[in-house]
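Data first, discussion second: the structure below is written as structure tokens.
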Amino acid sequence: MRTILAVGAVTLLCAGCGGASARSGGVVAAFYPLAWAAEGVGVHAKNLTPPGAEPHDIELTPGEVAEIQRADVVLYLSHGFQPAVEKALQDASGKKIDALAGVRLRTGSGDEAGATDPHVWLDPVLFARVVRRIGSALGHEQRGDALARRVLELDREYRRGLANCRRRDFVTSHAAFGYLAERYGLHQIAITGVDPESEPSAQALSRLAALIKREHIRTVFFERLVSPRLAQTLARETGGRTAVLDPIEGAPRGETYLTLMRENLAALRKALECR
């Protein structure tokens with residue numbers, strides 16, 4: 001869907017980046033999960049998506065465009081996740097690492113048929129592969145392997161935590177959790193599609209409300225970086241409640257990828273009535 005990068009600012013930390021250090025442009029990060037992975041293997045990364053910002057919508061300053069273009073290493077997501085970043089990458093001459101390369105990608109359905117779902121970081125197994133690729137690209141293969149093992153601990157926690165649940169369906173504000181649902185045998189019911197800015201029709205919302213009532217779903221999830229209006233409306237109409245399920249797209253304050261993934265697991269266990 002959108003494009004993402006990671007480019008860190010400290011050349012000394014990237015001295016082993018397979019030739020990247022000769023450019024002195026560092027490593028720049030365009031959104032949080034890739035920046036987290038770079039930091040986790042010991043390379044400082046400048047995250048272009050500020051705390052509280054929706055990464056899909058960021059607009060780059062001329063200075064940020066220049067940072068991307070002179071970066072030693074660019075870690076990004078292809079398929080249009082961040083159009084402004086993708087455009088700037090066209091003139092970048094450093095090493096470009098696409099985090100989606102080699103991953104079997106999901107595609108949207110209905111109005112979004114053919115649209116690519118980039119949210120691979122919400123599946124710990126897929127994200128562990130991304131982490132290893134980043135570690136290798138930055139010249140820290142062993143550290144990448146060690147960080148990937150920490151990510152895979154999440155997979156074990158999710159498998160145990162979601163093994164015995166009364167429900168398998170969950171409702172979320174946008175279709176960011178397809179990889180996670182597929183990995184753990186859940187069914188994502190999304191208010192909007194892969195693109196969080198899409199607006200469902202009144203008829204679609206009515207059908208969704210009827211489904212929620214019919215299946216006795218008690219929780220409608222929303223996310224921190226977009227308006228909770230539709231989720232609140234559905235919860236109110238169906239007698240349910242709202243809760244946060246974080247797609248971990250922005251830089252969290254006082255949180256990490258690992259802590260947010262564990263908070264998501266706790267939220268899912270409560271909503272799905274897991275034992």
Side-chain angles (χ1 to χ4, degrees), residues 1-7 27 29-41 43 45 47-49 51 53-56 58 74-82 85-86 97-108 115-138 144-145 147-159 172-184 186 188 190 194-196 221 223-226 244-252 255-265 267-268:
M1 274 199 63
R2 305 162 166 59
T3 311
I4 299 166
L5 11 130
V7 182
V27 184
F31 101 134
Y32 173 69
L34 299 184
W36 177 85
E39 298 275 359
V41 301
V43 176
N47 183 0
L48 291 179
T49 302
E54 227 288 333
H56 308 147
I58 64 167
V74 175
L75 307 176
Y76 72 101
L77 293 185
S78 57
H79 293 81
F81 185 82
Q82 289 174 302
V85 170
E86 196 164 8
I97 307 299
D98 177 8
L100 297 182
V103 178
R104 181 184 62 83
L105 299 176
R106 295 173 52 86
T107 56
T116 301
D117 181 357
H119 299 86
V120 298
W121 61 92
L122 295 171
D123 176 344
V125 175
L126 294 180
F127 191 51
R129 297 177 195 169
V130 172
V131 167
R132 286 194 176 97
R133 187 179 304 126
I134 289 172
S136 179
L138 297 180
D145 288 343
L147 186 60
R149 287 194 294 272
R150 293 181 64 196
V151 173
L152 287 174
E153 289 175 10
L154 290 173
D155 175 57
R156 291 187 284 274
E157 293 175 28
Y158 268 73
R159 289 185 186 280
T172 186
S173 56
H174 100 275
F177 298 90
Y179 294 100
L180 185 151
E182 183 176 9
R183 178 68 60 187
Y184 303 111
L186 306 180
Q188 170 185 244
V194 173
D195 181 356
F221 286 114
E223 55 196 70
R224 292 184 177 94
L225 297 182
V226 298
V244 171
L245 196 62
D246 200 321
I248 317 181
E249 294 180 345
E255 299 274 12
T256 70
Y257 169 81
L258 296 175
T259 62
L260 287 171
M261 283 293 287
R262 290 187 170 105
E263 289 176 14
N264 282 348
L265 174 58
L268 282 168

Q. Between S136 (side chain) and R133 (backbone), is there a donor-acceptor pair under 3.5 Å?
A. no
Q) Which pair of heavy atoms, one from A35 and one from N47, lies closest together, and at what distance? A) CB-CB, 4.1 Å
Q) Roughly how far, to the nearest 0.5 Å, is the CE atom of M261 from the CG atom of D246? A) 10.5 Å
Q | Least distance between heavy atoms, E39 atom then A45 atom | A | OE2-N, 3.0 Å
**Q.** Spacing of NE2 belonging to H174 relative to CG belonging to L225, to within rounding of 0.5 Å
**A.** 10.0 Å
(Q) So which atom in A128 and which in V151 form the shortest heavy-atom distance, rounded to 0.1 Å? (A) N-CG1, 4.0 Å
Q. Can H79 and E86 be counted as having a side-chain donor-acceptor contact under 3.5 angstrom?
A. no
Q) Any idea which heavy atoms bring L122 and A176 closest together, and the distance? A) CD1-O, 3.2 Å
Q) Less than 4.5 Å apart, any side-chain heavy atom of I97 and any of V74? A) no
Q) Does L186 reach the side chain of F177, with side-chain heavy atoms less than 4.5 Å apart? A) no
(Q) Within the 4.5 Å heavy-atom criterion, are L105 and V120 side-chain neighbours or not? (A) yes
Q) Are any side-chain N or O atoms of Y32 and backbone N or O atoms of Y257, one a donor and one an acceptor, separated by less than 3.5 Å? A) yes
Q. Do you know the tightest heavy-atom contact between I134 and A37?
A. CD1-CB, 3.7 Å
**Q.** Presence of salt bridge, E182 and R104, under 4.0 angstrom
**A.** yes
Q.
Keeping Y184 on the side-chain end and D123 on the backbone end, is there a donor-acceptor pair under 3.5 Å?
A. no
Q.
Using only atom types and a distance under 3.5 Å, with no angle test, would you say the side chain of D117 pairs donor to acceptor with the backbone of T107?
A. no
Q.
So V125 and R183, do their side chains get closer than 4.5 Å, heavy atoms only?
A. yes
**Q.** Sidechain-backbone polar pair: E54 side chain, V226 backbone, donor-acceptor under 3.5 Å
**A.** no
Q: Check whether the ring centres of F31 and W36 lie less than 6.0 Å apart, and answer yes or no.
A: no
Q. Taking the side chain as C-beta and beyond, is there a heavy-atom pair between V194 and P118 under 4.5 Å?
A. yes
Q: Without swapping roles, check the side chain of E223 against the backbone of P247 for a donor-acceptor pair under 3.5 Å.
A: no
Q. Quick check: does any side chain N or O of D98 sit under 3.5 Å from a backbone N or O of S78, one acting as donor and the other as acceptor?
A. yes
Q. Passes salt bridge (charged side-chain N to carboxylate O under 4.0 Å, His left out), R159 versus D155? Steps please.
A. CA-CA 6 Å; R159 289 185 186 280; D155 175 57; 3.2 Å; yes
Q: Can you measure from CZ (R262) to OG1 (T259) and round to the nearest 0.5 angstrom?
A: 8.5 Å
Q) Is there side-chain contact between L126 and Y179, with heavy atoms separated by less than 4.5 Å? A) yes
(Q) Is the shortest side-chain heavy-atom distance between L268 and F221 below 4.5 Å? (A) yes
Q | Residue pair I248 / P33: nearest heavy atoms and the distance that separates them | A | O-CG, 3.2 Å
(Q) Could you tell me if the side chain of H119 sits less than 4.5 Å from the side chain of E249, heavy atoms only? (A) yes
Q | Pairwise distance CG(L154) to CG(L265) - rounded to 0.5 angstrom | A | 8.5 Å
Q | Between CG on residue L77 and CH2 on residue W121, distance to nearest 0.5 Å | A | 5.5 Å
Q. To the nearest 0.5 Å, what is the distance between CG (L260) and CZ (R224)?
A. 6.0 Å
